[in-house]
Amino acid sequence: MPLLKLVYYSHHPALHKIAEPVDQFDDKLAHLVQDMYETMYHENGVGLAAPQVGIAKKIATIDVSEERNQPFVIINPQIIESSGSELMTAGCLSIPGSFDKVPRATYVKVRAQNEKGDFFEIEGTGLLAHCLQHEIDHLYGKLYIDYLSPLKKRMWLKKMEKHLKREQ
Ligand code: NI
(Lines give C-alpha, C1' and ligand atoms only; values in the text may rest on other atoms or scores of the structure.)
Protein backbone atom coordinates (compact mmCIF):
# COMPACT_ATOMS: atom_id res chain seq x y z
CA MET A 1 0.00 0.00 0.00
CA PRO A 2 1.63 3.25 -1.02
CA LEU A 3 1.62 6.34 1.14
CA LEU A 4 -0.10 9.30 -0.45
CA LYS A 5 1.64 12.63 -0.86
CA LEU A 6 0.30 15.51 1.19
CA VAL A 7 -0.39 18.83 -0.49
CA TYR A 8 -0.23 22.14 1.34
CA TYR A 9 -2.43 25.17 1.70
CA SER A 10 -2.60 27.24 -1.47
CA HIS A 11 -0.19 24.86 -3.25
CA HIS A 12 -3.00 22.71 -4.66
CA PRO A 13 -6.48 23.58 -6.04
CA ALA A 14 -8.14 20.51 -4.45
CA LEU A 15 -7.81 22.17 -1.04
CA HIS A 16 -9.87 25.16 -2.13
CA LYS A 17 -12.86 23.79 -3.94
CA ILE A 18 -15.97 21.79 -3.19
CA ALA A 19 -15.01 18.14 -3.64
CA GLU A 20 -16.97 15.87 -5.99
CA PRO A 21 -19.37 13.37 -4.46
CA VAL A 22 -18.38 9.69 -4.74
CA ASP A 23 -20.71 7.55 -6.84
CA GLN A 24 -18.54 4.50 -7.61
CA PHE A 25 -18.09 2.21 -4.63
CA ASP A 26 -15.57 -0.13 -6.22
CA ASP A 27 -12.17 -1.74 -5.51
CA LYS A 28 -10.38 1.42 -6.53
CA LEU A 29 -12.20 3.34 -3.80
CA ALA A 30 -11.50 0.61 -1.21
CA HIS A 31 -7.78 0.83 -2.06
CA LEU A 32 -7.78 4.60 -1.82
CA VAL A 33 -9.40 4.39 1.64
CA GLN A 34 -6.72 1.90 2.78
CA ASP A 35 -3.99 4.22 1.49
CA MET A 36 -5.62 7.15 3.29
CA TYR A 37 -5.66 5.20 6.58
CA GLU A 38 -1.99 4.39 6.17
CA THR A 39 -1.10 7.97 5.29
CA MET A 40 -3.13 9.33 8.22
CA TYR A 41 -1.25 7.07 10.67
CA HIS A 42 2.10 7.79 9.05
CA GLU A 43 1.51 11.55 9.41
CA ASN A 44 0.16 11.17 12.97
CA GLY A 45 -3.12 12.82 12.02
CA VAL A 46 -6.48 12.20 13.69
CA GLY A 47 -8.11 12.78 10.32
CA LEU A 48 -7.29 13.00 6.63
CA ALA A 49 -9.50 14.33 3.86
CA ALA A 50 -8.94 13.31 0.23
CA PRO A 51 -8.31 16.93 -0.89
CA GLN A 52 -5.28 16.92 1.45
CA VAL A 53 -3.67 14.35 -0.85
CA GLY A 54 -4.76 16.25 -3.95
CA ILE A 55 -7.93 14.26 -4.64
CA ALA A 56 -11.07 16.43 -4.88
CA LYS A 57 -13.52 13.73 -3.72
CA LYS A 58 -15.83 13.69 -0.70
CA ILE A 59 -13.87 11.15 1.34
CA ALA A 60 -12.28 11.54 4.79
CA THR A 61 -10.72 9.11 7.23
CA ILE A 62 -10.76 9.58 11.00
CA ASP A 63 -9.31 7.88 14.06
CA VAL A 64 -9.50 9.74 17.37
CA SER A 65 -8.81 6.66 19.54
CA GLU A 66 -5.77 6.74 21.82
CA GLU A 67 -4.64 3.30 20.62
CA ARG A 68 -4.90 4.43 16.98
CA ASN A 69 -6.81 1.30 16.06
CA GLN A 70 -10.37 2.50 15.38
CA PRO A 71 -10.30 4.04 11.92
CA PHE A 72 -13.42 4.78 9.93
CA VAL A 73 -14.22 6.52 6.69
CA ILE A 74 -16.92 9.06 5.93
CA ILE A 75 -17.90 9.33 2.28
CA ASN A 76 -20.31 12.03 1.05
CA PRO A 77 -20.84 13.10 4.69
CA GLN A 78 -23.43 15.61 5.84
CA ILE A 79 -23.88 17.17 9.27
CA ILE A 80 -27.54 16.53 10.05
CA GLU A 81 -27.57 17.82 13.65
CA SER A 82 -25.32 20.03 15.73
CA SER A 83 -25.45 21.91 19.00
CA GLY A 84 -23.34 23.92 21.41
CA SER A 85 -20.33 26.03 20.66
CA GLU A 86 -16.81 26.13 22.04
CA LEU A 87 -13.35 27.25 21.03
CA MET A 88 -11.14 24.29 20.20
CA THR A 89 -7.47 24.20 19.27
CA ALA A 90 -6.98 23.04 15.71
CA GLY A 91 -4.02 22.05 13.59
CA CYS A 92 -3.94 20.71 10.06
CA LEU A 93 -1.62 18.52 8.00
CA SER A 94 -2.20 20.94 5.10
CA ILE A 95 -0.79 23.86 7.13
CA PRO A 96 2.16 22.28 8.97
CA GLY A 97 3.44 24.13 12.01
CA SER A 98 0.17 25.99 12.59
CA PHE A 99 -2.36 25.69 15.41
CA ASP A 100 -5.01 28.04 16.68
CA LYS A 101 -8.40 28.18 18.34
CA VAL A 102 -11.54 28.01 16.22
CA PRO A 103 -15.25 27.96 17.11
CA ARG A 104 -16.82 24.51 16.81
CA ALA A 105 -20.11 22.88 17.70
CA THR A 106 -19.70 20.69 20.78
CA TYR A 107 -21.96 17.98 19.35
CA VAL A 108 -22.60 16.82 15.79
CA LYS A 109 -24.45 14.01 14.12
CA VAL A 110 -23.22 13.04 10.66
CA ARG A 111 -24.80 10.90 7.97
CA ALA A 112 -22.31 9.36 5.56
CA GLN A 113 -21.55 6.30 3.45
CA ASN A 114 -18.81 3.73 4.03
CA GLU A 115 -16.53 2.37 1.29
CA LYS A 116 -19.24 -0.13 0.27
CA GLY A 117 -21.79 2.65 -0.18
CA ASP A 118 -23.84 1.75 2.91
CA PHE A 119 -25.30 4.71 4.77
CA PHE A 120 -24.61 5.11 8.48
CA GLU A 121 -24.85 7.79 11.15
CA ILE A 122 -22.20 8.74 13.65
CA GLU A 123 -22.48 11.22 16.48
CA GLY A 124 -19.78 12.69 18.62
CA THR A 125 -18.73 15.28 21.16
CA GLY A 126 -15.30 16.67 22.06
CA LEU A 127 -12.43 15.67 19.81
CA LEU A 128 -14.61 13.47 17.59
CA ALA A 129 -17.10 16.32 17.00
CA HIS A 130 -14.23 18.69 16.28
CA CYS A 131 -12.57 16.25 13.88
CA LEU A 132 -15.80 15.51 11.99
CA GLN A 133 -16.36 19.25 11.43
CA HIS A 134 -12.73 19.85 10.44
CA GLU A 135 -12.67 17.02 7.88
CA ILE A 136 -16.08 17.87 6.43
CA ASP A 137 -14.91 21.49 6.03
CA HIS A 138 -12.01 20.16 3.93
CA LEU A 139 -14.54 18.59 1.55
CA TYR A 140 -16.04 22.05 1.01
CA GLY A 141 -12.71 23.79 0.38
CA LYS A 142 -12.59 25.31 3.84
CA LEU A 143 -9.58 25.18 6.16
CA TYR A 144 -9.57 26.01 9.83
CA ILE A 145 -7.52 29.16 9.31
CA ASP A 146 -10.44 30.54 7.28
CA TYR A 147 -12.13 31.09 10.68
CA LEU A 148 -9.28 33.36 11.83
CA SER A 149 -8.66 37.05 11.18
CA PRO A 150 -6.83 37.87 7.91
CA LEU A 151 -3.85 38.98 9.98
CA LYS A 152 -3.56 35.70 11.87
CA LYS A 153 -4.13 33.75 8.70
CA ARG A 154 -1.25 35.53 6.98
CA MET A 155 0.97 34.93 10.00
CA TRP A 156 0.34 31.17 10.00
CA LEU A 157 0.88 30.93 6.25
CA LYS A 158 4.23 32.72 6.57
CA LYS A 159 5.21 30.37 9.38
CA MET A 160 4.13 27.41 7.29
CA GLU A 161 6.36 28.41 4.38
CA LYS A 162 9.31 28.70 6.77
CA HIS A 163 8.44 25.35 8.28
CA LEU A 164 8.27 23.70 4.83
CA LYS A 165 11.64 25.17 3.85
CA ARG A 166 13.21 23.75 7.00
CA GLU A 167 11.74 20.30 6.27
CA GLN A 168 13.14 20.18 2.72
NI1 NI B 1 -7.01 19.60 8.17
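All values below were derived from every heavy atom in this structure, side-chain atoms included, with hydrogens, water molecules and symmetry-related copies excluded.
Residues satisfying the salt bridge (charged side-chain N to carboxylate O under 4.0 Å, His left out) criterion with D26, sequence neighbours excluded, are absent altogether. With sequence neighbours excluded, no residue forms a ring-ring contact (aromatic ring centres under 6.0 Å, His included) with H130. In this structure S10 satisfies the side-chain hydrogen bond (donor to acceptor under 3.5 Å, both in side chains) test with no other residue, sequence neighbours excluded. With sequence neighbours excluded, the residues satisfying ring-ring contact (aromatic ring centres under 6.0 Å, His included) with Y9 are H16. A search for side-chain hydrogen bond (donor to acceptor under 3.5 Å, both in side chains) contacts involving Y147 returns R104, D137, not counting sequence neighbours. Under the salt bridge (charged side-chain N to carboxylate O under 4.0 Å, His left out) criterion, D63 pairs with no residue at all, not counting sequence neighbours. Remark: E86 pairs with no residue by the side-chain hydrogen bond (donor to acceptor under 3.5 Å, both in side chains) rule, at least two apart or across chains. Here N69 pairs with S65, E67 under the side chain to side chain contact (heavy atoms under 4.5 Å, CB included) rule; sequence neighbours left out. Scored by the salt bridge (charged side-chain N to carboxylate O under 4.0 Å, His left out) test, E123 finds no partners at all (sequence neighbours excluded). Taking N76 as the reference, Q113 meet the side-chain hydrogen bond (donor to acceptor under 3.5 Å, both in side chains) condition, with sequence neighbours excluded.
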Using residues 89-99 as the side-chain source, report each donor-acceptor pair under 3.5 Å to any protein atom, sequence neighbours left out, with the distance given to one decimal.
| residue | atom | partner | partner atom | Å |
| --- | --- | --- | --- | --- |
| S94 | OG | Q52 | NE2 | 2.8 |
| S98 | OG | I95 | O | 2.8 |
| S98 | OG | Y144 | OH | 2.6 |

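Rounding to the nearest 0.5 Å gives a distance of 8.5 Å between NE2 of H42 and CG of L6. Rounded to the nearest 0.5 angstrom, L151 CG and W156 CH2 are separated by 12.5 Å. The line from CD of Q78 to CZ of R111 is 8.0 Å long, rounded to the nearest 0.5 Å. Note that CE of M155 and NZ of K158 are 10.0 Å apart. Values are rounded to the nearest 0.5 Å. Of the inter-residue distances, the one linking Y107 atom OH with T125 atom OG1 reads 9.5 Å to the nearest 0.5 angstrom. For the atom pair CE of M160 and CD1 of I145, the computed distance is 7.5 Å after rounding to the nearest 0.5 Å.
Using a 4.5 Å heavy-atom cutoff, the side chains of L48 and Y37 are not in contact. With a 4.5 Å cut-off on side-chain heavy atoms, V22 and F25 count as touching. Within the 4.5 Å cutoff, side-chain heavy atoms of K109 are placed close to those of E121.
Across all their heavy atoms, M36 and A49 have their closest contact at CE-C, 3.9 Å. Closest approach of M40 and R68 over heavy atoms only: O-NH2, 4.0 Å. Closest heavy-atom contact between P51 and A19: CG-CB, 4.5 Å. A pairwise comparison of heavy atoms in I59 and V33 identifies CG2-CG2, 4.4 Å as the closest pair.
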### Message
L3 vs E38, test: side-chain contact (heavy atoms from CB on, under 4.5 Å). Steps then yes/no.
### Response
CA-CA 6 Å; L3 290 172; E38 223 173 290; 4.2 Å; yes

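T39 places a side-chain N or O within donor-acceptor distance of the main-chain N or O of L4, the cut-off being under 3.5 Å. Within the 3.5 Å criterion, the main-chain N or O of V7 finds no donor-acceptor partner in the side chain of H11. Checking side-chain atoms of K58 against main-chain N and O of I75 turns up no donor-acceptor pair under 3.5 Å. The backbone N or O of H163 lies less than 3.5 Å from no partner atom in the side chain of E167, so there is not a single donor-acceptor pair.
In this structure, L132 shares a hydrophobic cluster with I18, V46, I62, V64, F72, I74, I79, V108, V110, F120, I122, L127, L128, I136, L139, Y140, the cluster being traced through Ile, Leu, Val, Met, Phe, Trp and Tyr side chains under 4.5 angstrom apart.
Residue E66 qualifies as open at atom CD: its count of foreign heavy atoms under 6.0 Å is 12 or below. More than 12 heavy atoms of other residues, nucleotides or ligands shown are found within 6.0 angstrom of NZ on K153.
Note: the hydrophobic cluster containing L164 also contains V53 (ILVMFWY, side chain heavy atoms under 4.5 Å, direct or indirect links).
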